[in-house]
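Only heavy atoms go into these numbers, but all of them, side chains included; no hydrogens, no water, no symmetry mates. All figures in this text were calculated on a predicted structure; none of them were measured in a lab.
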Amino acid sequence: MDRKKVVIIVSAAILAIVLALVIFLLVFKKDDYRILKVFEVEGQANVAREGKGDISPYTNMVLESGDKVSLDSGKLTIRADEDKYIFFDEKTEILLKASGNSKNSKTNIEILSGSITNNIQNKLSDDSSYEINTPNSTMSVRGTVFYVTTYEIDGVKYTRVCVFEGKVATKLVYKDGTVAETEVGVEKGKEVTIYEDGTTTDYVSDPKDIDYDTLPDNVLELLIDINDEGKDLSITNPEIKRILEGPYYVTFTYNGKEFGTQTVEKGKKAQVPTLSPASSGGWDFDFDTPIERDTTIEWK
(Lines give C-alpha, C1' and ligand atoms only; values in the text may rest on other atoms or scores of the structure.)
Protein backbone atom coordinates (compact mmCIF):
# COMPACT_ATOMS: atom_id res chain seq x y z
CA MET A 1 0.00 0.00 0.00
CA ASP A 2 2.86 2.35 0.80
CA ARG A 3 4.36 1.69 -2.62
CA LYS A 4 1.01 2.46 -4.29
CA LYS A 5 0.74 5.68 -2.35
CA VAL A 6 4.23 6.70 -3.45
CA VAL A 7 3.40 5.96 -7.09
CA ILE A 8 0.17 7.94 -6.84
CA ILE A 9 1.88 10.88 -5.18
CA VAL A 10 4.73 10.90 -7.73
CA SER A 11 2.29 10.61 -10.63
CA ALA A 12 0.20 13.45 -9.26
CA ALA A 13 3.29 15.60 -8.80
CA ILE A 14 4.44 14.95 -12.37
CA LEU A 15 0.97 15.73 -13.71
CA ALA A 16 0.89 18.97 -11.71
CA ILE A 17 4.30 19.98 -13.09
CA VAL A 18 3.22 19.23 -16.66
CA LEU A 19 -0.01 21.21 -16.25
CA ALA A 20 1.86 24.12 -14.72
CA LEU A 21 4.35 24.09 -17.59
CA VAL A 22 1.57 24.05 -20.18
CA ILE A 23 -0.22 26.92 -18.47
CA PHE A 24 3.01 28.87 -18.25
CA LEU A 25 3.73 28.38 -21.97
CA LEU A 26 0.19 29.31 -22.99
CA VAL A 27 -0.21 32.31 -20.73
CA PHE A 28 3.22 33.76 -20.17
CA LYS A 29 5.06 32.65 -23.28
CA LYS A 30 2.31 33.34 -25.80
CA ASP A 31 3.96 36.49 -27.09
CA ASP A 32 7.54 35.26 -26.93
CA TYR A 33 7.65 33.73 -30.41
CA ARG A 34 6.64 34.50 -33.96
CA ILE A 35 4.76 32.33 -36.39
CA LEU A 36 6.49 32.51 -39.75
CA LYS A 37 5.51 29.74 -42.09
CA VAL A 38 4.24 28.64 -45.48
CA PHE A 39 0.47 29.09 -45.43
CA GLU A 40 -0.30 27.73 -48.90
CA VAL A 41 1.82 26.32 -51.71
CA GLU A 42 1.24 24.51 -54.97
CA GLY A 43 3.38 24.24 -58.07
CA GLN A 44 7.11 24.91 -58.38
CA ALA A 45 8.54 26.74 -55.35
CA ASN A 46 11.76 26.70 -53.35
CA VAL A 47 13.27 27.78 -50.04
CA ALA A 48 17.04 28.36 -50.03
CA ARG A 49 18.38 28.17 -46.45
CA GLU A 50 21.93 28.90 -45.44
CA GLY A 51 23.71 25.72 -44.38
CA LYS A 52 20.93 23.47 -45.69
CA GLY A 53 20.61 24.38 -49.34
CA ASP A 54 17.37 24.13 -51.30
CA ILE A 55 14.21 22.86 -49.61
CA SER A 56 10.88 22.15 -51.28
CA PRO A 57 8.30 24.13 -49.27
CA TYR A 58 5.16 22.50 -47.91
CA THR A 59 2.06 23.75 -46.13
CA ASN A 60 2.80 24.74 -42.50
CA MET A 61 6.56 24.61 -43.09
CA VAL A 62 8.24 26.87 -40.53
CA LEU A 63 10.44 29.51 -42.15
CA GLU A 64 13.56 31.11 -40.72
CA SER A 65 14.98 34.59 -40.95
CA GLY A 66 17.41 34.66 -43.85
CA ASP A 67 15.43 32.23 -46.00
CA LYS A 68 15.31 33.04 -49.70
CA VAL A 69 11.85 32.05 -50.91
CA SER A 70 10.89 31.77 -54.57
CA LEU A 71 7.92 30.77 -56.71
CA ASP A 72 8.42 29.74 -60.31
CA SER A 73 4.86 28.68 -61.10
CA GLY A 74 1.69 28.05 -59.14
CA LYS A 75 0.76 29.65 -55.81
CA LEU A 76 2.65 30.52 -52.64
CA THR A 77 1.53 32.38 -49.52
CA ILE A 78 3.53 33.11 -46.38
CA ARG A 79 1.87 33.89 -43.05
CA ALA A 80 3.54 35.82 -40.25
CA ASP A 81 2.16 36.42 -36.74
CA GLU A 82 -1.28 35.06 -37.67
CA ASP A 83 -2.37 38.35 -39.30
CA LYS A 84 0.18 39.15 -42.01
CA TYR A 85 -0.02 37.45 -45.39
CA ILE A 86 2.44 37.66 -48.30
CA PHE A 87 1.06 36.44 -51.64
CA PHE A 88 3.56 35.67 -54.41
CA ASP A 89 3.14 36.22 -58.13
CA GLU A 90 4.80 33.66 -60.35
CA LYS A 91 8.51 34.29 -61.14
CA THR A 92 9.05 35.96 -57.75
CA GLU A 93 11.95 35.65 -55.31
CA ILE A 94 12.30 37.36 -51.92
CA LEU A 95 14.78 37.40 -49.06
CA LEU A 96 12.91 37.16 -45.77
CA LYS A 97 14.26 38.65 -42.56
CA ALA A 98 12.32 38.60 -39.30
CA SER A 99 13.03 39.18 -35.62
CA GLY A 100 11.31 40.09 -32.37
CA ASN A 101 8.11 38.58 -31.03
CA SER A 102 4.44 39.08 -31.76
CA LYS A 103 4.42 42.36 -29.83
CA ASN A 104 7.57 43.92 -31.33
CA SER A 105 7.88 42.10 -34.63
CA LYS A 106 10.38 43.29 -37.23
CA THR A 107 9.63 42.03 -40.72
CA ASN A 108 11.85 42.92 -43.66
CA ILE A 109 11.19 41.64 -47.17
CA GLU A 110 13.67 42.23 -49.96
CA ILE A 111 12.12 41.64 -53.37
CA LEU A 112 14.87 40.23 -55.57
CA SER A 113 12.53 39.79 -58.53
CA GLY A 114 8.83 39.65 -59.29
CA SER A 115 5.80 40.84 -57.31
CA ILE A 116 4.01 40.34 -53.99
CA THR A 117 0.69 41.40 -52.50
CA ASN A 118 0.72 42.17 -48.77
CA ASN A 119 -2.30 41.89 -46.50
CA ILE A 120 -1.56 43.17 -42.98
CA GLN A 121 -4.86 42.62 -41.28
CA ASN A 122 -4.21 44.46 -38.01
CA LYS A 123 -2.42 47.69 -37.28
CA LEU A 124 1.14 47.14 -36.14
CA SER A 125 2.14 48.05 -32.59
CA ASP A 126 4.36 51.08 -32.04
CA ASP A 127 7.30 48.75 -31.47
CA SER A 128 6.76 46.72 -34.64
CA SER A 129 7.75 47.35 -38.25
CA TYR A 130 7.02 45.91 -41.69
CA GLU A 131 9.32 46.97 -44.52
CA ILE A 132 9.64 46.12 -48.19
CA ASN A 133 12.88 46.79 -50.08
CA THR A 134 13.48 46.74 -53.83
CA PRO A 135 16.63 47.66 -55.78
CA ASN A 136 15.53 51.33 -55.94
CA SER A 137 13.10 51.90 -53.08
CA THR A 138 12.13 51.12 -49.52
CA MET A 139 8.68 51.30 -48.01
CA SER A 140 7.12 50.88 -44.58
CA VAL A 141 3.58 50.37 -43.34
CA ARG A 142 1.63 50.03 -40.11
CA GLY A 143 -1.28 47.99 -41.46
CA THR A 144 -2.54 47.89 -45.02
CA VAL A 145 -3.17 45.99 -48.24
CA PHE A 146 -0.78 46.81 -51.07
CA TYR A 147 0.96 45.40 -54.15
CA VAL A 148 4.62 45.80 -55.07
CA THR A 149 6.15 44.72 -58.36
CA THR A 150 9.66 45.10 -59.77
CA TYR A 151 10.49 44.86 -63.45
CA GLU A 152 12.98 46.05 -66.05
CA ILE A 153 12.46 47.60 -69.48
CA ASP A 154 15.41 48.34 -71.77
CA GLY A 155 17.83 48.29 -68.87
CA VAL A 156 15.73 50.64 -66.71
CA LYS A 157 14.56 49.21 -63.36
CA TYR A 158 11.07 50.01 -62.10
CA THR A 159 9.18 49.54 -58.84
CA ARG A 160 5.41 49.96 -58.83
CA VAL A 161 3.49 50.31 -55.56
CA CYS A 162 -0.34 50.14 -55.50
CA VAL A 163 -2.18 50.76 -52.22
CA PHE A 164 -5.67 49.29 -51.83
CA GLU A 165 -6.16 50.09 -48.15
CA GLY A 166 -4.22 52.16 -45.63
CA LYS A 167 -1.06 54.05 -46.53
CA VAL A 168 2.48 53.16 -47.59
CA ALA A 169 5.46 55.45 -46.97
CA THR A 170 8.04 55.18 -49.76
CA LYS A 171 11.61 56.43 -50.08
CA LEU A 172 14.10 56.30 -52.93
CA VAL A 173 17.17 54.10 -52.65
CA TYR A 174 20.03 55.37 -54.77
CA LYS A 175 22.53 53.25 -56.68
CA ASP A 176 25.14 53.63 -53.93
CA GLY A 177 22.69 52.28 -51.35
CA THR A 178 21.89 55.57 -49.61
CA VAL A 179 18.25 56.29 -48.79
CA ALA A 180 16.56 59.60 -49.58
CA GLU A 181 15.38 61.66 -46.63
CA THR A 182 12.20 62.74 -48.41
CA GLU A 183 9.27 60.39 -47.89
CA VAL A 184 6.40 60.08 -50.37
CA GLY A 185 3.17 58.70 -48.95
CA VAL A 186 0.92 56.58 -51.16
CA GLU A 187 -2.68 56.68 -49.99
CA LYS A 188 -5.54 54.25 -50.52
CA GLY A 189 -6.51 54.06 -54.20
CA LYS A 190 -3.20 55.54 -55.38
CA GLU A 191 -0.07 54.13 -56.99
CA VAL A 192 3.45 55.35 -57.59
CA THR A 193 6.23 54.15 -59.90
CA ILE A 194 9.95 54.55 -59.22
CA TYR A 195 12.63 54.15 -61.86
CA GLU A 196 16.40 53.78 -61.94
CA ASP A 197 18.17 54.25 -65.27
CA GLY A 198 21.71 53.60 -64.05
CA THR A 199 22.47 57.20 -63.14
CA THR A 200 19.18 58.60 -61.82
CA THR A 201 16.67 57.24 -59.33
CA ASP A 202 13.39 59.13 -59.15
CA TYR A 203 9.60 58.93 -59.17
CA VAL A 204 7.98 58.71 -62.59
CA SER A 205 5.28 61.05 -61.26
CA ASP A 206 3.46 61.99 -58.10
CA PRO A 207 1.07 59.33 -56.75
CA LYS A 208 -1.88 58.88 -59.12
CA ASP A 209 -5.07 56.80 -59.30
CA ILE A 210 -4.42 53.08 -59.60
CA ASP A 211 -4.72 51.72 -63.13
CA TYR A 212 -6.56 48.55 -62.16
CA ASP A 213 -6.80 47.36 -65.77
CA THR A 214 -3.05 46.72 -65.78
CA LEU A 215 -3.01 44.59 -62.61
CA PRO A 216 -2.56 40.82 -63.04
CA ASP A 217 -5.71 38.71 -62.85
CA ASN A 218 -4.42 36.80 -59.82
CA VAL A 219 -4.03 40.07 -57.87
CA LEU A 220 -7.56 41.18 -58.76
CA GLU A 221 -8.94 37.78 -57.73
CA LEU A 222 -7.10 38.08 -54.44
CA LEU A 223 -8.65 41.51 -53.84
CA ILE A 224 -12.09 39.92 -54.22
CA ASP A 225 -11.26 37.49 -51.41
CA ILE A 226 -9.94 40.29 -49.19
CA ASN A 227 -13.09 42.36 -49.78
CA ASP A 228 -15.14 39.30 -48.82
CA GLU A 229 -13.25 39.19 -45.51
CA GLY A 230 -14.73 42.55 -44.63
CA LYS A 231 -12.04 44.94 -45.83
CA ASP A 232 -13.08 48.21 -47.46
CA LEU A 233 -10.65 48.31 -50.36
CA SER A 234 -10.25 51.03 -52.97
CA ILE A 235 -12.12 48.93 -55.55
CA THR A 236 -15.37 46.98 -55.13
CA ASN A 237 -15.97 43.39 -56.16
CA PRO A 238 -18.44 44.31 -58.96
CA GLU A 239 -15.79 46.66 -60.39
CA ILE A 240 -13.16 43.92 -60.19
CA LYS A 241 -15.41 41.36 -61.82
CA ARG A 242 -16.08 43.64 -64.78
CA ILE A 243 -12.32 44.04 -65.28
CA LEU A 244 -11.90 40.27 -65.15
CA GLU A 245 -14.96 39.23 -67.11
CA GLY A 246 -16.02 42.20 -69.22
CA PRO A 247 -17.75 43.51 -71.19
CA TYR A 248 -15.04 46.03 -72.03
CA TYR A 249 -15.21 49.54 -73.42
CA VAL A 250 -13.18 50.35 -76.50
CA THR A 251 -12.76 54.08 -76.96
CA PHE A 252 -11.60 55.62 -80.24
CA THR A 253 -9.87 59.00 -79.98
CA TYR A 254 -8.79 61.65 -82.48
CA ASN A 255 -6.59 64.59 -81.47
CA GLY A 256 -7.13 63.74 -77.81
CA LYS A 257 -10.93 63.76 -78.08
CA GLU A 258 -13.38 60.88 -78.06
CA PHE A 259 -14.49 59.92 -81.58
CA GLY A 260 -16.57 56.83 -80.80
CA THR A 261 -16.98 53.82 -78.50
CA GLN A 262 -17.73 50.12 -78.72
CA THR A 263 -18.70 47.52 -76.12
CA VAL A 264 -16.83 44.24 -76.63
CA GLU A 265 -17.19 40.91 -74.83
CA LYS A 266 -14.07 39.38 -73.26
CA GLY A 267 -11.87 37.71 -75.87
CA LYS A 268 -13.80 39.19 -78.81
CA LYS A 269 -12.37 41.68 -81.29
CA ALA A 270 -13.12 45.35 -81.78
CA GLN A 271 -14.46 46.39 -85.16
CA VAL A 272 -12.95 49.05 -87.38
CA PRO A 273 -15.31 52.05 -87.18
CA THR A 274 -17.33 52.68 -90.31
CA LEU A 275 -16.47 56.38 -90.27
CA SER A 276 -12.94 57.84 -90.19
CA PRO A 277 -12.10 61.07 -88.36
CA ALA A 278 -9.74 62.29 -91.10
CA SER A 279 -8.93 61.65 -94.76
CA SER A 280 -5.39 60.53 -93.92
CA GLY A 281 -3.98 58.34 -91.18
CA GLY A 282 -5.32 55.25 -89.51
CA TRP A 283 -6.19 53.58 -86.21
CA ASP A 284 -3.07 52.68 -84.23
CA PHE A 285 -4.21 49.17 -83.34
CA ASP A 286 -4.19 45.58 -84.59
CA PHE A 287 -7.88 44.71 -84.90
CA ASP A 288 -7.03 40.99 -84.81
CA THR A 289 -6.12 41.40 -81.13
CA PRO A 290 -8.71 39.99 -78.67
CA ILE A 291 -9.94 42.58 -76.17
CA GLU A 292 -9.09 41.64 -72.56
CA ARG A 293 -9.39 45.03 -70.84
CA ASP A 294 -10.85 48.49 -71.46
CA THR A 295 -8.91 49.82 -74.44
CA THR A 296 -8.25 53.21 -76.00
CA ILE A 297 -7.41 53.29 -79.71
CA GLU A 298 -5.91 56.46 -81.19
CA TRP A 299 -6.05 57.74 -84.76
CA LYS A 300 -2.58 58.59 -86.08
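More than 12 heavy atoms of other shown residues, nucleotides or ligands fall within 6.0 angstrom of atom NZ in Lys190. When the shell of 6.0 Å around CD of Glu181 is examined, it contains 12 or fewer heavy atoms from other residues, nucleotides or ligands. At most 12 heavy atoms of other shown residues, nucleotides or ligands fall within 6.0 angstrom of atom CD in Gln44. Other residues, nucleotides and ligands place no more than 12 heavy atoms under 6.0 Å from the CD atom of Glu50. Counted within 6.0 Å of NZ on Lys188, heavy atoms from surrounding residues, nucleotides or ligands total more than 12; the atom is thus considered enclosed. More than 12 heavy atoms of other residues, nucleotides or ligands lie within 6.0 Å of CG in Asp286, so this atom counts as buried by the packing criterion. For Asp176, the CG atom counts as densely surrounded, since its 6.0 Å shell holds more than 12 non-hydrogen atoms of other residues, nucleotides or ligands. The environment of NZ in Lys68 is sparse: at most 12 heavy-atom neighbours from other residues, nucleotides or ligands sit within 6.0 Å.
Each of Phe88, Tyr85, Phe87 was scored for a ring-ring contact (aromatic ring centres under 6.0 Å, His included) with Phe39, with one residue passing: Tyr85. Of the listed residues (Asp232, Asn237, Thr236), just one forms a side chain to side chain donor-acceptor pair (under 3.5 Å) with Asn227, and that residue is Asn237. Residue Ser115 is tested with Thr92, Thr149, Asn218 for a side chain to side chain donor-acceptor pair (under 3.5 Å); the sole match is Thr149.
Listed for the Lys157 side chain is no donor-acceptor partner under 3.5 Å among the backbone atoms of Thr150.
The closest side-chain heavy-atom distance from Thr182 to Tyr203 is not below 4.5 Å. Here the side chains of Ile120 and Val141 are in contact, with some heavy-atom distance below 4.5 Å.
Salt-bridge check for Glu82 with Arg79: passed, with a basic side-chain N closer than 4.0 Å to an acidic carboxylate O.
Pairs of residues two or more places apart, or lying in two chains, that qualify as salt bridge (Lys or Arg N to Asp or Glu O under 4.0 Å) and include a residue from residues 191-206 are Arg160-Glu191, Lys175-Glu196.
A single hydrophobic cluster is not seen to contain both Val186 and Val219; linkage of ILVMFWY side chains at heavy-atom distances under 4.5 Å, directly or through other members, places them apart. Leu112 and Val69 are not part of a single hydrophobic cluster, where members link through side-chain heavy atoms under 4.5 Å apart.
No side-chain donor-acceptor contact under 3.5 Å links Asn136 and Thr201.
Through direct or relayed side-chain contacts under 4.5 Å between Ile, Leu, Val, Met, Phe, Trp and Tyr, Ile297 connects to Tyr248, Val250, Phe252, Tyr254, Phe259, Val264, Val272, Leu275, Trp283, Phe285, Phe287, Ile291, Trp299.
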